[in-house]
Amino acid sequence: MTGGAGYIGSHTVRLLLERGYDVAVVDNLSKGYRQNVPAGLLHEMDVASTSALTGLMRQLKTEAVVHFAAFIAVGESMAEPERYFVNNVTGSLSLLSAMHAAGVKHLVFSSTAAVYGNPHAVPILETFPIQPMSPYGESKVMVETLLGWFDRIHHLTSVCLRYFNAAGSAPDGALGEQHEPETHLIPLVLRAVLSGKPVTIFGEDYDTPDGTCIRDYIHVEDLAEAHILALEYLLAGGSSDQFNVGTGSGHSVVEVIRAVEEVTGQKVPYVTGTRREGDPASLVASSDKLQSKLGWQPRSSELKTIVKHAWDFARQHT
Ligand code: UDP
């Protein structure tokens with residue numbers, strides 16, 4: 001696995017180990033945390049190091065790769081597109097080249113709802129037009145395209161999981177969301193509660209019932225489960241495909257703030273600001289395909305459960 005020291009990767013490592021898989025983590029620790037990876041599993045290595053990756057996969061007789069390692073901030077990608085294309089696209093190409101050289105035939109890829117840009121309707125189906133609005137989204141589209149060619153030419157099968165809004169944390173508080181800088185709504189709202197410093201609502205003039213943006217928040221453990229199902233599907237001979245990973249229910253920024261107030265029993269200090277560049281009004285997944293083809297079911301993605309687990313983690317780690 002690449003990026004296993006990061007947020008979603010570390011939860012997926014944990015679940016894979018619980019299910020009895022033999023896991024090796026490749027992470028350069030530029031964003032991830034050493035303590036997120038169980039002792040002995042971490043190979044501190046960059047995905048750009050094609051020959052080192054090839055050697056490692058040969059040595060470990062790797063059967064499949066789950067590829068998380070990437071930069072993830074939409075806003076940052078609008079300021080520094082080159083970093084996103086180098087790290088996300090060139091990095092993935094290096095990994096794919098190494099997989100080809102080592103004879104590894106299956107990949108589960110962290111893609112994103114950002115591939116759809118500003119959709120013409122919700123819920124979003126996998127067949128909707130691909131029209132990213134940021135270099136981040138574009139970098140994921142480019143890797144999806146590379147994967148198509150690696151399948152056609154090298155018979156490397158892949159599943160692209162297009163995540164909606166990953167949130168929450170392991171219920172025992174051992175793992176959780178710790179981005180630096182943090183840009184995601186739920187951890188920022190929780191920080192506002194803990195610090196007393198207001199969080200900013202990015203725009204309240206959207207065409208939504210309360211004027212704030214609507215997103216589909218999915219518990220990180222439900223997301224981790226989707227990776228395991230995708231991996232098992234590929235190992236069983238499934239052909240390359242793309243799936244949305246979301247719940248089908250959207251929540252506005254104001255609804256998230258209200259849920260945090262309910263869970264914490266405290267008022268959230270907030271101010272209203274202007275829109276953030278590149279934010280679509282509403283992003284909600286149809287996950288029918290993931291449910292029907294891979295048998296996935298969200299189990300912990302009720303908003304209050306997500307917020308409760310995120311709150312338990314934030315209290316312990318802030
Ligand atoms: N958001 C906000 N204030 C913040 C951070 C986020 O109002 O400080 C809004 C953002 O505009 C979006 C939603 O919260 O509508 C979720 O944003 P996040 O960055 O968590 O995820 P994204 O949808 O960009 O992947």
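Please read all numbers here as calculations on a predicted model, not as lab measurements. These numbers come from the heavy atoms of this one structure, side chains and all, not from hydrogens, waters or symmetry mates. Start at 1 and go down the list; that is how both ligands and their atoms are numbered.
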- prompt: Which atoms of ligand 1 have any heavy atom of Thr183 under 4.0 Å away?
  reply: 5 (C), 19 (O)

query: When you check the gap from the basic side-chain N to the acidic O, do Glu255 and Arg258 get nearer than 4.0 Å?
result: no

field: Identity and separation of the nearest protein heavy atom to atom 23 (O) of ligand 1
entry: Arg215 NE, 2.8 Å

- prompt: Between Arg299 and Glu221, is there a salt bridge with N-O shorter than 4.0 Å?
  reply: no

- prompt: Any side-chain heavy atom of Ser110 sitting closer than 4.5 Å to one from Ile8?
  reply: no

- line: A student checking ligand 1 against Ile201 at a 4.0 Å heavy-atom cut-off should list atoms 7 (O)

message: Return the closest protein heavy atom for atom 17 (O) of ligand 1 as residue, atom name and distance.
response: Arg276 NH2, 3.4 Å

task: Provide, to 0.1 Å, the distance between atom 11 (O) of ligand 1 and the closest protein heavy atom, together with that atom's residue and name.
output: Asp279 OD2, 2.5 Å

- request: Considering only non-hydrogen protein atoms, determine which one is nearest to atom 9 (C) of ligand 1 and report residue, atom name and distance to 0.1 Å.
  value: Val253 CG2, 3.8 Å

Those atoms of ligand 1 less than 4.0 Å from some heavy atom in Asn165: 16 (C), 21 (O), 22 (P), 23 (O), 25 (O)

- prompt: Taking non-hydrogen atoms only, is Leu185 closer than 4.0 angstrom to ligand 1 via side chain, backbone, both or neither?
  reply: both

message: Suppose I only count heavy atoms of His184 and a 4.0 Å limit; which atoms of ligand 1 are within that range?
response: 18 (P), 19 (O), 20 (O), 21 (O)

Closest candidate by heavy atom, reference atom 15 (O) of ligand 1, pool Pro187, Cys213, Pro280: Cys213

query: Distance only, no hydrogens: is a donor on one side chain within 3.5 Å (strictly under) of an acceptor on the other, for Asn244 and Tyr116?
result: yes

- prompt: Which option, Asp216, Val256, Leu188, owns the non-hydrogen atom nearest atom 8 (O) of ligand 1?
  reply: Leu188

- request: Take Ser111 and Gln242 through the test side-chain hydrogen bond (donor to acceptor under 3.5 Å, both in side chains) and record every step on the way to the result.
  value: CA-CA 9 Å; Ser111 190; Gln242 301 80 32; over 6 Å; no

task: Return yes when Val74 approaches ligand 1 closer than 4.0 angstrom through a heavy atom, no otherwise.
output: no

message: Assess whether a salt bridge exists between Asp22 and Lys61, defined as any Lys/Arg side-chain N lying under 4.0 Å from an Asp/Glu carboxylate O.
response: no

- prompt: Are Phe164 and Val245 side-chain neighbours, meaning at least one heavy-atom pair lies under 4.5 Å?
  reply: no

query: Which atom pair, heavy atoms only, marks the closest approach of Ser169 to Phe313?
result: OG-CB, 3.4 Å

task: Taking all non-hydrogen atoms of both residues into account, name the closest pair between Trp296 and Ser287 and its distance.
output: CZ3-OG, 3.8 Å

field: Residue and atom name of the nearest protein heavy atom (relative to atom 13 (C) of ligand 1), distance in Å to one decimal
entry: Tyr217 OH, 3.8 Å

task: Would you mind listing which atoms of ligand 1 come within a distance below 4.0 Å of any non-hydrogen atom of Thr200?
output: 2 (C), 3 (N), 4 (C), 7 (O), 8 (O)

field: Distance from atom 4 (C) of ligand 1 to nearest protein heavy atom, with residue and atom
entry: Phe202 CE1, 3.3 Å

query: Hey, what do you get for CD1 (Ile72) to CG (Asn87), rounding to the nearest 0.5 Å?
result: 11.5 Å

